[in-house]
Each structure stands twice: as C-alpha cells, then as structure tokens.
Protein chains: 2
Amino acid sequence: MALMSKNAAAPAVPTRDRLLDAFEELLVEGGERSATLDAVAAAAAVSKGGLLYHFASKDALVDGLLARLDALALEDAENIRTAPAGPVDYLIRTSVHTGSPLDRAYIAGSRLAQGRDPRAMQVLTEIRRRWLSVIEDAVHDPDTAQAIMLISDGLYVNSSLAEHEQAPKNHTDAAMTRLIAVIGRLLPS
Amino acid sequence: MALMSKNAAAPAVPTRDRLLDAFEELLVEGGERSATLDAVAAAAAVSKGGLLYHFASKDALVDGLLARLDALALEDAENIRTAPAGPVDYLIRTSVHTGSPLDRAYIAGSRLAQGRDPRAMQVLTEIRRRWLSVIEDAVHDPDTAQAIMLISDGLYVNSSLAEHEQAPKNHTDAAMTRLIAVIGRLLPS
DNA sequence: ACAACTATACCGTCTAGCCGGTACAGTAGT
DNA sequence: ACTACTGTACCGGCTAGACGGTATAGTTGT
C-alpha cells in the first residue's frame with residue numbers, strides 16, 4: 001500500500017477540476033445568472049472558503065474555465081484535421097450537443113460571452129478562427145468554408161434552444177447524414 | 001381643442017415602450033446580468049416605481065418584450081415571403097445585425113433564452129419554425145431549407161460575437177452576396 | 001511542517017419588489 | 001360653478017435577501 005488509494009482523499013478528480021466542472025454545469029443549465037460563487041461551491045461539494053482557496057475571485061474562476069476551454073479546443077482542432085471521415089463530417093457531427101468535455105466547456109463559454117465578457121468573446125472568436133482555418137484547408141474555397149462554419153454555428157444555437165426536448169428530431173444521426181449530403185453539393189468536384 | 005395635445009403629456013413614444021426599448025438595449029449591450037430593474041428604469045429616465053407601475057414584476061417585463069418580439073417576427077415572416085429578391089436573399093441579408101427593431105428584439109430574446117428562460121426559448125423556437133416554413137415553401141427541399149436556416153442562425157451568433165469590432169469583415173454587403181451565391185449552389189435548377 | 005481544505009461570521013453593495021404619497025385629468029352629482 | 005371622487009402615471013424611500021469578497025480559527029492527511 002502506502003502510495004495510493006487510502007480513502008477518497010486522493011481524489012479521482014482534483015477539487016480544482018470539480019469546481020470548474022460545477023461552474024460549467026451551472027452556466028450550461030441555468031445561465032450566467034445562476035452561476036454564483038455559493039452555487040458553484042455547493043455543486044462541487046466544497047465550502048465557499050475552499051472555492052476561494054483555488055480561485056481567488058470570480059474572475060479567476062472565469063479565467064480557469066476559459067483556459068481549459070482553449071486547451072480542449074486546441075486538441076479538437078487536431079481531431080478535426082485528422083478525422084477519418086474528413087474534417088467537414090467531423091465538424092458537423094460534433095456541432096450538436098454531444099456532452100463531451102469540449103462541448104460543455106464551449107457552451108459555458110458562450111454563456112459568458114453572451115454576458116459580454118470580453119475575455120470569453122475573444123477566446124470563442126479565436127476557437128472559431130482555428131476551426132475555420134482547418135475547414136479552409138480541407139475545402140480550398142474560402143466562401144464555401146465560411147458557409148460550412150456558419151452551418152456548424154447554427155447547429156450549436158439550434159441544439160442549445162431545443163435541448164429541453166428529449167427527441168431533438170433535427171439532430172438525429174440520420175438528419176446529420178442528410179445535412180452532410182446537402183453540404184456535399186457545395187463542394188466543387 | 002379639447003380632445004388633444006395639451007403639453008408634453010402626449011409623448012412621442014409612450015413610457016411603456018421606452019421601458020421595453022431600454023430593457024432590450026441593456027440585454028443586447030450588457031447581457032442578462034446587466035438588465036436589472038434599476039438599470040432599465042434609469043435608462044428609460046423613469047423611476048423604479050414608474051417602471052413597476054407599467055410592469056408589475058421582472059417577469060412581466062420579460063413577457064412584454066417577448067410579446068413585442070413575437071409581433072415583429074410575425075410581420076417579418078410576411079416580409080420574407082414577399083421579398084422582391086426572394087426569401088433566401090432577404091433572410092440571409094437580414095440575419096446580420098441591421099439595427100432594426102426586430103433585430104434588436106431578437107438578440108434581446110436570445111439573451112433571455114441563454115439565461116434558460118423557458119418562455120424566451122419557446123418564442124424563439126416558434127419564430128425559427130415560421131422562418132423555416134417560409135424557406136421550405138420557397139425551396140421545396142426540406143433538407144436544403146434546413147441548411148439555409150442554419151446558415152442564417154450562424155450569421156446571428158457570428159455577428160453577435162464580432163459586434164464590438166467596427167469592421168465585421170465577414171458581414172459586408174459583398175461578403176453577403178458571395179455567401180448567397182454559395183447557397184445558390186445548393187438549389188437544384 | 002505544510003497543503004488542502006471546513007466552518008462561520010462578517011461587510012458593503014446590488015437586486016427585486018412593496019408601499020405611501022403626489023400630481024393631475026376627467027366625470028358626476030348638485 | 002363647486003365639490004367629491006376615480007383612474008392614470010408616476011416618484012422616492014424602504015426592506016429582505018442575494019452576492020462577491022474578506023477574515024480567521026480549526027481540522028486532516030502526508
């Protein structure tokens with residue numbers, strides 16, 4: 001023994017990450033307004049003092065979330081580039097809410113941007129720029145790439161709006177396949 | 001005389017509308033969080049008591065805004081249907097921020113939806129449904145109509161994010177014309 | 001000894017909503 | 001013509017609670 005386990009004190013997921021998870025979750029589920037320090041601490045099962053030990057202020061919490069989002073998005077750009085079914089297929093299919101860490105972080109970031117946080121707006125703009133760049137490389141025509149990015153953005157808002165319904169209907173796998181077929185008509189070859 | 005005028009008491013724009021304008025403006029410029037009752041009253045140059053005379057609660061204020069949005073969107077659906085340059089052209093060109101009353105009301109509604117207000121989500125969903133229906137009538141293929149709607153949605157978020165820059169670059173008139181040309185490739189004939 | 005917390009008590013500010021009061025226009029009875 | 005009253009459109013002050021943040025004393029595992 002010695003080196004590991006013990007009780008829950010060598011936690012599967014560190015408190016700092018649990019706090020960011022809770023912050024994200026509250027932003028996604030209840031919007032900017034519900035993501036208060038008290039609520040975040042409670043959702044992470046940590047005292048308010050404990051939260052402020054890890055993040056000295058709400059700004060620091062926002063910075064932490066945006067940093068994690070940026071890192072996840074950087075990984076994702078690589079996934080898009082190297083996707084077996086091609087970048088466009090991958091981008092479109094992951095533009096509906098998948099529940100992936102990036103997905104949740106991205107929506108949380110959007111909430112902050114809607115609250116006009118300039119840091120959040122900047123990070124989201126940069127992420128979009130990277131995605132666009134990957135699609136441009138794959139598609140060659142900038143106008144077409146732009147249109148594909150817009151469809152991806154549209155899927156995001158759309159699934160954000162319809163999330164409460166249990167059968168999103170427009171976002172089934174079959175619907176995505178049909179949509180990708182339509183997009184295929186945009187391409188020259 | 002007798003029936004009208006008097007002093008400034010027959011105001012150019014009624015206080016009730018000025019309050020809704022102020023609420024909208026604050027939502028658009030500063031997000032849900034900044035649109036407090038105090039701020040709305042101040043922006044409309046009305047006391048808080050005056051605000052609460054017209055709208056008994058914040059919920060009532062939200063209802064008022066959503067009702068106005070719904071009415072504007074109903075008019076707009078007709079404008080799209082009868083647009084000289086065609087529904088698709090009109091929809092795409094008015095999906096960037098034009099500063100029109102509908103434009104501002106729609107963005108304000110989006111902010112409320114992001115705050116997870118179910119009424120706002122329902123109204124926005126319904127508006128989108130109407131737009132989609134018009135495009136479907138114009139385009140005949142539902143999948144293509146869906147893709148066009150997504151591009152329209154994408155333009156909205158996009159210009160929401162880039163609003164602070166003064167030269168949006170992707171939303172110039174020329175860029176819109178190129179985008180519409182790309183969309184033209186989606187259509188059969 | 002140290003890091004990683006918990007628990008509790010505050011503080012100043014903001015927020016939603018309530019309430020009493022005011023000004024004034026119109027109406028109705030006498 | 002005067003009085004009494006009603007309805008509309010506000011003002012400004014108030015309160016209870018939420019919020020971000022500070023502080024501090026104590027606990028627990030390594």
Side-chain angles (χ1 to χ4, degrees), chain A residues 1-23 26-27 29-66 111-112 115-117 119-120, chain B residues 1-23 25-27 29-65 111-112 115-117 119-120:
Chain A
M1 44 205 60
L3 272 180
M4 259 217 46
S5 74
K6 259 265 306 198
N7 59 355
V13 35
T15 302
R16 205 190 119 96
D17 288 328
R18 282 195 356 256
L19 285 165
L20 289 179
D21 289 344
F23 187 34
L26 284 163
L27 282 171
E29 294 301 320
E32 201 200 351
R33 206 133 196 211
S34 72
T36 67
L37 294 187
D38 282 315
V40 171
V46 165
S47 71
K48 194 176 175 180
L51 191 169
L52 288 163
Y53 172 79
H54 288 285
F55 300 98
S57 70
K58 200 171 191 186
D59 266 11
L61 195 57
V62 170
D63 284 338
L65 187 137
L66 291 177
R111 305 281 192 235
L112 294 174
R116 317 301 290 167
D117 186 309
R119 293 163 295 171
Chain B
M1 44 202 58
L3 273 178
M4 258 216 48
S5 75
K6 260 265 307 188
N7 58 356
V13 35
T15 303
R16 207 190 117 97
D17 289 329
R18 279 187 8 246
L19 286 165
L20 288 179
D21 289 344
F23 187 35
E25 186 71 10
L26 284 162
L27 282 171
E29 294 301 321
E32 201 200 350
R33 202 131 198 217
S34 72
T36 67
L37 294 187
D38 281 315
V40 171
V46 166
S47 74
K48 199 172 174 183
L51 190 168
L52 287 164
Y53 170 77
H54 289 284
F55 301 97
S57 69
K58 201 171 190 184
D59 266 11
L61 194 58
V62 170
D63 284 338
L65 187 139
R111 305 282 192 233
L112 293 173
R116 316 301 290 163
D117 186 307
R119 292 164 296 171

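Lettering follows sequence order; numbering is per chain, from 1.
- In terms of phosphate contacts, T15(B) brings no side-chain nitrogen or oxygen within less than 4.0 Å of OP1 or OP2 of dA9(D).
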Verdict with supporting geometry, F55(B) and L20(B), side-chain contact (heavy atoms from CB on, under 4.5 Å) | CA-CA 10 Å; F55(B) 301 97; L20(B) 288 179; 3.7 Å; yes
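- Taking only side-chain nitrogens and oxygens, H54(B) never comes nearer than 4.0 Å to OP1 or OP2 of dA9(D).
- If you check every strand for non-hydrogen atoms under 4.0 Å, A45(A) touches sugar and phosphate atoms only.
- The side-chain contact (heavy atoms from CB on, under 4.5 Å) with F23(A) is formed by just one residue from the set L65(A), L51(A), L37(A); it is L65(A).
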Taking it one step at a time, do R116(A) and E32(A) satisfy side-chain contact (heavy atoms from CB on, under 4.5 Å)?
-> CA-CA 11 Å; R116(A) 317 301 290 167; E32(A) 201 200 351; over 6 Å; no
Criterion side-chain contact (heavy atoms from CB on, under 4.5 Å) on D59(A) and R119(A), from CA distance to verdict | CA-CA 10 Å; D59(A) 266 11; R119(A) 293 163 295 171; 3.3 Å; yes
Protein heavy-atom contacts under 4.0 Å, written 5' to 3' over nucleotides 17-27 of chain D as B (base), S (sugar-phosphate only) or - (none), form the string --SBBB-----
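- Here the closest non-hydrogen pair linking L27(A) and R111(A) is O-NE, 3.1 Å.
- L51(A) places its CG atom 14 Å from the C1' atom of dA4(C), with the value rounded to the nearest Å.
- Just one residue in the list L26(B), V46(B), D21(B) forms a side-chain contact (heavy atoms from CB on, under 4.5 Å) with V40(B), and that residue is L26(B).
- For dA4(C), the OP1/OP2 oxygens have a side-chain nitrogen or oxygen of Y53(A) closer than 4.0 Å.
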